[in-house]
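One structure is given here, and the rest of the page talks about it.
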Amino acid sequence: MSAESVYLTTPIYYVNDKPHIGHAYTTVLADVLARGARLFGRDTWFLTGTDEHGQKVQEAAQKLGVEPQAHVDETVQRFLEAWERLEIQYDDFIRTTEPRHKVIVQEILQDLYDRGEIYRDEYDGWYCVADERFFTDKDLEEGRCPLCSREVQRVREANYFFKMSRYQDWLVEYIREHPEFIQPDFRRNETLGFLRKPLQDLCISRPKSRLTWGIELPFDADYVIYVWFDALVNYISAVGYRRDEAAFAKRWPAIHLIGKDILTTHTVYWPCMLKALGVPMPKTVFAHGWWLSGTTKMSKSLGNVVNPMDMMERYGVDAFRYFLMAEMVMGQDATFTENAFIRRYNADLANDLGNLLNRVLSMVGKYCGGRLPAPAPDAWEEGAPAELKARLLEAVEVFKESLDTFTLHAGVARVMEAVRATNRFIELQQPWSQARAADPAPLHSTLYAAAEALRVCAGLLMPLMPAKMTELRLALGMENPMTVKPEDLLKMNVLKPGAEVGQPGALFPRIEAPVPGAEATPTPPAAAPAAKPEAPKPGTIGHPEGVITYEDFEKVQLRTAKVMSAEAVEGTVKLLKLNVLMGDERRQLVAGIALYYKPEELIGKTVVVVSNLVPIKLRGVESQGMLLAASKGERLRLVTVDGDLSSGAVVK
Ligand code: MSP
């Protein structure tokens with residue numbers, strides 16, 4: 001991680017919405033990355049906020065018979081409360097109805113207008129009220145809005161346009177030359193794909209006859225500004241643009257965390273706006289995937305499906321934050337089920353981490369009178385302790401790196417690996433046997449080393465679970481458990497021998513069974529298995545080797561995908577690189593099938609993909625999933641589906 005300062009943003013959320021999993025995920029992610037950056041000593045700024053103008057707000061206020069401002073003043077509270085509950089430590093919360101924002105939007109508009117970047121013209125096209133977006137004939141899908149499939153209106157009216165088209169060539173060049181600008185890679189390709197079509201100028205005004213709840217154009221009082229133009233400006237109006245040059249230079253450029261559905265606004269509109277203003281580009285726009293329920297995006301109305309926000313109330317805020325970060329491979333979609341939550345909670349938090357703490361505390365209690373023993377002077381020098389130390393240092397490096405490379409899930413996994421290594425270390429050293437020896441030194445060194453490992457792991461997990469990890473570090477007898485010093489993560493012998501440790505207890509009480517009715521994996525009814533066999537309890541029924549439980553199988557997500565293009569991986573004879581469409585998501589797969597299929601034979605085929613594998617690189621090319629194929633002897637055939645089925649379907 002470099003020493004430069006970090007400015008992290010979330011999208012500003014529509015103030016009309018109730019906070020849901022989509023909002024919670026990006027905001028927790030930003031919070032964890034910001035806390036992580038602070039932990040490693042970087043100057044950090046974290047901005048979130050609410051998007052408060054537009055038609056939907058105007059309509060909601062009208063329905064309630066209140067002024068739009070009064071309405072948003074009330075609904076914004078839901079976000080403020082949710083973020084407090086979720087332990088979000090933002091540095092600033094911007095609302096687009098605040099004067100500090102509105103005045104900057106107006107100055108920007110006037111400036112662009114004066115410099116000929118904005119012009120007036122007749123608009124003739126389609127308009128979707130719900131999305132507040134204009135579309136051409138070609139954009140429509142079966143005559144309906146391509147975003148929400150609702151009916152669209154024909155609109156012919158005078159409007160103002162931003163000359164976005166003139167930046168097309170520059171933008172393509174910029175994206176190509178700055179691989180860190182749009183991440184992950186496949187999203188960069190998506191934007192470049194979008195930019196293959198001619199870029200239109202952007203209609204940025206809405207006549208007041210249709211919409212009054214917006215920022216007025218400074219050069220024409222009959223219009224308000226298009227809500228996206230208004231909203232995007234928050235990222236600079238909040239940090240001193242045109243007001244405080246020094247503050248602005250200190251913060252900008254930002255790292256924007258967004259969901260994949262708002263990629264175009266952030267990687268096409270926004271860079272063009274900034275270019276026209278002469279402001280440097282954002283450092284990175286990182287688009288994450290969606291939390292799915294079955295194959296659909298989870299958001300407001302979830303019907304009979306478990307509401308993820310309830311998990312927070314049921315099992316605790318820290319466990320909820322941990323689950324969101326550990327479960328979702330950054331950039332990819334993930335499925336949210338209560339079963340998955342409970343499985344991960346029990347495995348990682350109750351078993352691995354919680355048990356480790358309890359083992360250490362109870363043995364220090366039993367063998368050392370509840371005070372941390374002192375390690376031998378050469379305790380870390382060789383053998384198992386030296387190996388444990390190496391694991392810990394590795395975890396620190398990988399975790400630190402993962403904050404910068406948008407691979408937090410992998411960083412967290414490495415910390416949990418170090419926790420498991422500590423449990424194995426205890427098994428290996430057998431402190432209960434060491435306690436019977438005349439010389440107490442080996443016992444003391446073992447217990448002290450395990451406590452140190454816990455200190456380091458809890459320090460790394462602090463950004464994810466601030467309250468629980470503080471509790472854990474307090475139980476190890478630390479005087480300032482909340483303050484994690486980065487230099488202390490890289491050295492041993494930080495805990496003070498003689499310090500009084502806490503009593504064993506349940507930091508993460510095991511969840512015995514899912515709450516009745518909440519365990520359904522929300523898949524479409526037709527795809528659901530007829531009857532779900534009970535998973536045998538470990539230790540009650542022995543499985544023959546190689547047999548897996550239903551739960552094990554459930555971890556593997558299989559989806560159908562359509563092959564859009566295929567080519568050989570350069571310098572290899574066996575590998576093909578495929579571009580597939582899985583629902584509305586594009587993935588790149590690398591498969592060892594070149595000896596059996598020509599690239600052109602594959603195009604248009606519906607294949608079956610393991611969709612929740614951690615991406616790996618094969619000969620330097622990333623593969624975001626695995627194709628299923630059957631092979632016998634010299635033959636290999638791909639697994640396909642029997643009949644016509646759209647891509648993205650769940651295979652069960
Ligand atoms: N107001 C705009 C953003 C303007 S930013 C200048 C907006 N607001 S929103 O309230 O709809 O926020 C949506 C954010 O939540 C998006 O980033 C979207 O991807 C994310 N999510 C909504 N549902 C989601 C899931 N089920 N899973 C993960 N994130 C998804 O768009």
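When a residue number appears, it is its place in the shown sequence, counting from 1. Computed from heavy atoms alone, side chains included, the values below leave out hydrogens, waters and symmetry copies. Both ligands and their constituent atoms are indexed starting at 1 by order of listing.
Less than 4.0 angstrom separates some heavy atom of M298 from each of these atoms of ligand 1: 23 (N), 24 (C), 25 (C), 26 (N). Residue D261 has at least one heavy-atom neighbour below 4.0 Å for each of these atoms of ligand 1: 16 (C), 18 (C), 19 (O). Ligand 1 places these atoms under 4.0 Å from at least one heavy atom of W228: 2 (C), 3 (C), 4 (C), 5 (S), 6 (C). Remark: ligand 1 atoms within the under-4.0 Å shell around heavy atoms of H20 are 22 (C), 23 (N). Which parts of ligand 1 touch D17 is read off a 4.0 Å heavy-atom cut-off, strictly below it: atoms 10 (O). The ligand atoms of ligand 1 that sit less than 4.0 angstrom from a heavy atom of P11 are 3 (C), 5 (S), 17 (O).
Here the heavy atom of the protein found nearest to atom 23 (N) of ligand 1 is K297 CE, 3.0 Å. When hydrogens are left out, the protein atom nearest atom 21 (N) of ligand 1 is G22 CA, 3.5 Å; that is the closest non-hydrogen contact. The nearest protein atom to atom 27 (N) of ligand 1, hydrogens excluded, is given as W291 N, 2.9 Å; this is a heavy-atom distance. Considering only non-hydrogen protein atoms, atom 3 (C) of ligand 1 sits nearest to I12 O, 3.2 Å. At the shortest separation from atom 6 (C) of ligand 1 among protein heavy atoms lies Y235 OH, 3.5 Å.
In Y13, the parts holding a heavy atom less than 4.0 Å from any atom of ligand 1 are both the side chain and the backbone. Neither the backbone nor the side chain of T265 has a heavy atom within less than 4.0 Å of ligand 1.
Ion pair R206/D230 not flagged as a salt bridge, since none of the NZ, NE, NH1 or NH2 atoms sits closer than 4.0 Å to an Asp/Glu carboxylate oxygen. No salt bridge links E327 with R343; every basic N to acidic carboxylate O contact stays at or beyond 4.0 Å. Checked for salt-bridge contact, D92 and R251 miss the test: no charged N lies under 4.0 Å from a carboxylate O. A salt bridge links D91 and R38; the closest N-O separation between the charged side-chain nitrogens and carboxylate oxygens is under 4.0 Å. At a threshold of 4.0 Å, the pair E190-K260 does not count as salt-bridged, since none of the basic side-chain nitrogens sits closer than that to a carboxylate oxygen.
A donor-acceptor pair under 3.5 Å links the side-chain atoms of N346 to the main chain of I511, judged by distance alone. Between the side chain of D51 and the backbone N or O of A231, no donor-acceptor pair lies under 3.5 Å. Under a 3.5 Å cut-off, the side chain of Y90 and the backbone N or O of T27 do not form any donor-acceptor pair. No side-chain donor-acceptor contact under 3.5 Å links Q588 to the backbone of F186. Put simply, the side chain of T75 never gets that close to the backbone of N16: no donor and acceptor are under 3.5 Å apart.
Taking the six-membered ring for Trp and thresholds of 30 and 60 degrees, Y315 and Y345 have ring planes inclined between 30 and 60 degrees apart.
A heavy-atom separation below 4.0 Å is found between G289 and ligand 1. Ligand 1 does not have W270 within reach: every non-hydrogen atom of the residue lies 4.0 Å or more from it.
Any N or O atom pair closer than 3.5 Å counts here, and I258 shares no such pair with ligand 1. Backbone and side-chain nitrogen or oxygen atoms of H288 are examined, and none is located within less than 3.5 angstrom of a nitrogen or oxygen of ligand 1. Close N/O approach between Y14 and ligand 1 is found [any backbone or side-chain N/O within under 3.5 Å]. On a distance-only criterion, H23 and ligand 1 share at least one N/O pair closer than 3.5 Å. Backbone and side-chain nitrogen or oxygen atoms of D51 are examined, and one is located within less than 3.5 angstrom of a nitrogen or oxygen of ligand 1. Between G259 and ligand 1, at least one N/O pair is under 3.5 Å apart. Any N or O atom pair closer than 3.5 Å counts here, and N234 shares no such pair with ligand 1. Not a single N or O atom of A231, backbone or side chain, sits closer than 3.5 Å to an N or O atom of ligand 1.
In this structure, T48 OG1 and W83 CH2 are separated by 6.5 Å, a value rounded to the nearest 0.5 Å.
Of the residues listed (V227, I225, T97, T96), the one engaging I215 in a side chain to side chain contact (heavy atoms under 4.5 Å, CB included) is I225, and it is the only one.
Side-chain rings of Y269 and F162 stay apart, their centers remaining 6.0 Å or farther from each other.
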